[in-house]
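Below you'll find the structure, written out as structure tokens, and then a few comments.
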Amino acid sequence: MTMTMTADEIRRAFLDYMAERGHVIIPRAPLIPRDDPSTLFTGSGMQPLLPYLLGAEHPGGRRLADSQTCLRVQDIEEVGDNRHTTFFEMLGNWSLGEYFKEEQIPQIWTFLTEKVGLVPDRIFVSCFSGDPGHGIPKDEDSAGIWSRLFVEAGISADQVDLGTEERAAEVGTNGARIAFYGKKNWWCRGGNADEMPLGEPGGPDTEIFYMFPQVEHDPAFGANCHQNCDCGRFIELGNSVFMEYQRTAEGFAPLPRRNVDYGGGLARIAAAAIDSPDVFRIGLLWPIIERLEELSGASYDDQKRSMRVIADHLRGATFLAVDGVTPSNKAQGYVMRRLIRRAVRFAFDLGLEENFFPQIIPTIAGIYAAHFPEVGEHAEYVEKILAKEEQSFRRTLRKGLKQLSQFAKTGVTGRELFVLSDTFGFPVELSTEEAERKNIALSENWREEFDEQLAAQRAQSQRRTTLHV
Ligand SMILES: [Zn+2]
């Protein structure tokens, strides 16, 4: 019998499982951090809990769990492959000075293999290789626990330990389970042990990957495949951080109160559960894709990238609207505007040249309303906000197209493309595609000319603002 849980069921099962194990389930924090001006968005489950990981008492106690909505726009251009999204949910559990590695690793292993039903033989992990320069030892504790679990699951002991990072890159996993890495498996704020202020906590982490044998390794990413290969054959499901050290003048000392911070990607776990390396096939995204197929008459197989971008971006924009953001030219509102505009631009590829958001938003609201009632309650409002922005951007697009035809009479260089983008809000990708479609010649080095204009403008705006997007 194969067990296939939906993403909704996995979320519920995780929270129930953690509640049974003494965790208090806390509500998601909004996408806009309440008291943290250093960042625009909640980008991980840990972020809203940082004060408690650093020592403050949480009103919910010392064992906490949740499913946190997150937005990361740093890699917005990567959306379109089989696994990157700007919006995602992170399943999280925390031990604030209670249990540690010996409980966390088997706990998450049991959840993934017994509750979700993932195949142990396809699970691979990474552990911290140590940092001799700072006197931090290799994380043998975590590796030892993993070894025991793998062997108990029937995987032969000689497949368990792989050795060094160099060896992992060199020979690939070859069926081995545990690979040791340096910086990749070290957690501290800012990520760099050298730059940690005195007293700051840090520690090793251990990542869990799922292998999809149906994905062929792509040699463009290296001779052999391994846990951290980016070809898409291995997908990271989650990461347990063990905060056990504190920076001292001499190096590192053990923390008096050690914490566990686990974050796992709900969509990726759900994709593993249905044995799909494509996260867009899960129940939280597929209905949006199907709706796009209906509305456009195009098929997902022919239009993967555009449909993925639209589904991801409109879902993110929906949650931003639910959390009180409106499209604007600054900070969070600017990012929301960018998500919406990209969705409209990619909709052109599907031939969706009329307003279609009102046909999509109810689908998104329907997917999330059961677990996040606020999404259902605000569905009409969200639709109104997003539809208004869609309409106004389509007007922009029409004006931009008109202006492009004007420019075409005298020649189009990167300078004109920049004016279109900057003044008319007409994205450069759209300009160049339109130019191609209408046989409008572009100057040979339009890209350099455009970049020059952009760099000049960036230098100017850097002087005016410290806004980070
Ligand atoms: Zn690979």
Side-chain angles (χ1 to χ4, degrees), residues 72 74-86 88 90 108-109 112-113 116-129 139 142-143 146-147 149-150 153 155-156 158-187 191 204-240 263-282 285 300-301 304-305 308-309 312:
R72 285 188 195 172
Q74 290 85 345
D75 303 323
I76 193 167
E77 264 109 40
E78 280 185 42
V79 177
D81 68 8
N82 65 345
R83 62 197 184 282
H84 285 97
T85 56
T86 58
F88 57 95
M90 206 180 254
I108 202 65
W109 167 264
L112 293 174
T113 57
V116 181
L118 300 190
V119 182
D121 199 33
R122 288 168 58 184
I123 294 177
F124 292 73
V125 302
S126 64
C127 294
F128 182 54
S129 61
D139 187 8
S142 296
W146 282 121
S147 283
L149 293 168
F150 284 127
I155 293 156
S156 80
D158 62 2
Q159 282 192 359
V160 166
D161 193 337
L162 184 63
T164 63
E165 182 166 358
E166 291 71 34
R167 192 162 152 71
E170 196 185 308
V171 301
T173 59
N174 290 335
R177 300 288 137 183
I178 304 168
F180 289 94
Y181 293 87
K183 285 201 173 81
K184 273 186 195 298
N185 286 86
W186 171 259
W187 180 86
D205 61 47
T206 178
E207 297 185 319
I208 305 169
F209 301 82
Y210 206 57
M211 195 260 283
F212 291 90
Q214 63 271 50
V215 177
E216 292 272 331
H217 168 64
D218 178 350
F221 294 91
N224 292 288
C225 204
H226 54 87
Q227 275 88 328
N228 276 303
C229 180
D230 285 326
C231 74
R233 182 173 164 89
F234 285 89
I235 294 188
E236 187 199 333
L237 300 184
N239 186 16
S240 299
L266 172 61
R268 291 173 173 207
I269 295 170
I274 58 169
D275 196 11
S276 165
D278 179 356
V279 300
F280 290 85
R281 298 270 177 190
I282 68 164
L285 284 158
Y300 177 64
D301 286 333
K304 280 197 175 122
R305 178 150 194 259
R308 286 167 173 175
V309 169
D312 168 70

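For the single chain, residues carry numbers from 1 onward in sequence order. Note that the coordinates shown come from a computational prediction; the quantities given were computed from them, not determined experimentally. Atoms within each ligand, like the ligands themselves, are counted from 1 in listed order.
By the ring pair (Phe, Tyr, Trp, His ring centres under 6.0 Å) test, W187 pairs with no residue at all, sequence neighbours left out.
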- prompt: Should L118 and L237 be marked as a side-chain contact (heavy atoms from CB on, under 4.5 Å) after you check the CA-CA gap, both sets of side-chain angles, and the distance that decides it?
  reply: CA-CA 11 Å; L118 300 190; L237 300 184; 3.6 Å; yes
field: Working for salt bridge (Lys or Arg N to Asp or Glu O under 4.0 Å), residues D301 and R281
entry: CA-CA 12 Å; D301 286 333; R281 298 270 177 190; 3.7 Å; yes
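Across every non-hydrogen atom of D121 and R177, the tightest pair is O-NH1, 2.9 Å.
Contact check for Y181 versus E207: no side-chain heavy atoms found under the 4.5 Å cut-off. With a 4.5 Å cut-off on side-chain heavy atoms, V215 and F234 do not count as touching.
Around the Zn ion (ligand 1), protein N, O or S atoms at a distance under 2.8 Å total 4; waters are neither shown nor counted.
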